[in-house]
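Down below is the structure, laid out as structure tokens.
Heads up: numbering here begins at 1 and tracks the sequence. As the structure lists them, so they are numbered: ligands from 1, and atoms in each ligand from 1.
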Amino acid sequence: MYENRIHNFSAGPAVLPLPVLKKAREEFLSLNGIGMSVLEISHRSREFEEILHKAEQNLRQLLSVNNDYAILFLQGGASLQFSMVPMNLHIPGKSVDLLQTGMWTQKAQKEIEKICPVRLAASTEKENFLRLPTKDEISLSKDAAFVYMCSNNTIFGTQWKWFPETGEIPLVADMSSDILSRKIDVQKFGLIFAGAQKNLGPAGVTVVIIRKDLAERADRNLPTMLQYRTHIKENSLYNTPPTFGIYMIALVTEWVQNLGGLEAIEKRNEEKAAILYREIDQNPLFYAPVKKEDRSLMNVVFRIKDNNEELEKKFVQEAEKAGLSGLKGHRSVGGLRASIYNACEKSSVEALVNFMQDFSRRYG
Ligand SMILES: *Cc1c(COP(=O)(O)O)cnc(C)c1O
């Protein structure tokens, strides 16, 4: 019945766990026998409140989030957070320390600068973002309003394996492409946000985990919808939230719990990435441009030797024909990229490795 599902390496919106899609399909016309779809019920109904509660509690449990933090389900994508974060957290007269590691932090910088000054505490732009800053290269100021970073650079394929110590200064992280892929210490952060469409569910909902006291920095004259405090106070029900997305997050987080939580998922992700990087390193036709220590376990960026763009094009086309989808690198960097988020099965990675071996026999 599911034979027509192929190996999906899309960077986002991305593959979802098959058991989750099946469950959603099962319940699609009538949620728990209530005779209505989740798409058709009030966001203030008991049924939906239960779903919202479940999504929040599952995230809280998986990430060990204590009650100093609120978990919000917002709209506007991760991109709106580039503006909401500085609107709410900036402090007049202070600047923001930003760790410049790729296109998503560049986009964030552009928005933050509309609100307050940004200081680059480190940048690897000169090296085309093929690595992350080292500890020595980061210079944090003592009185920044907050420190801003992106934990996993979806486009360049780098991922932080450690997080800078920022002391009393809140650390803000865009975790859109690696949230729930590994254990993290939420208490090290003032705010974490993630668009759902990579590791959490469908597009249209953004998860924000915010230390509640930080929401009080915001000017009360900010538009009501753009204040975190509004959504904290109303438990993400100030207006109609993205109900279907929240429902899917509840199912995806339940699936992660059933797999054994973040420890198990992290192990699974390490295994998958190791299989793929091993092939890239061993197969003379391919190479990985990113510095080894900084390689992402979520977005595996690779190239054909000598950056042979013709052959890369062929690779993508033939892969597509062989049932392997989404392998083209981001339009800004070219090359190849396999996004192997939580829901990507090891069997898909193995299928990709087999295809690479076959391709290199024919063209290598
Ligand atoms: C995809 C992505 C975004 C953009 O998300 P939208 O929901 O499209 O705004 C931002 N940051 C990172 C790290 C991403 O991977």
Would you say Ser177's side chain and Asn152's backbone share a donor-acceptor pair under 3.5 angstrom?
yes

Hey, does Arg229 have a side-chain heavy atom less than 4.5 Å from the side chain of Arg217?
no

Please give the N or O to N or O pairs under 3.5 Å between ligand 1 and the protein, distances rounded to 0.1 Å.
residue, atom, partner, partner atom, Å
ligand 1, 7 (O), Ala78, N, 3.0
ligand 1, 7 (O), Gln197, NE2, 2.9
ligand 1, 8 (O), Gln197, NE2, 3.4
ligand 1, 9 (O), Ala78, N, 3.2
ligand 1, 9 (O), Ser79, N, 2.8
ligand 1, 9 (O), Ser79, OG, 2.6
ligand 1, 11 (N), Asp174, OD2, 2.6
ligand 1, 15 (O), Thr154, OG1, 2.5
ligand 1, 15 (O), Lys198, NZ, 2.7

Please check if Val290 and Ile340 belong to a single hydrophobic cluster, counting links between Ile, Leu, Val, Met, Phe, Trp and Tyr side chain heavy atoms closer than 4.5 Å.
no

Taking the six-membered ring for Trp, are the ring centroids of Phe193 and Tyr228 within less than 6.0 Å of each other?
no

Under 30°, 30 to 60°, or over 60°: which ring-plane class applies to Phe189 and Phe163, parallel, tilted or perpendicular?
perpendicular

Salt bridge (charged side-chain N to carboxylate O under 4.0 Å, His left out) contacts touching residues 136-158 (sequence neighbours left out):
Arg131-Glu137

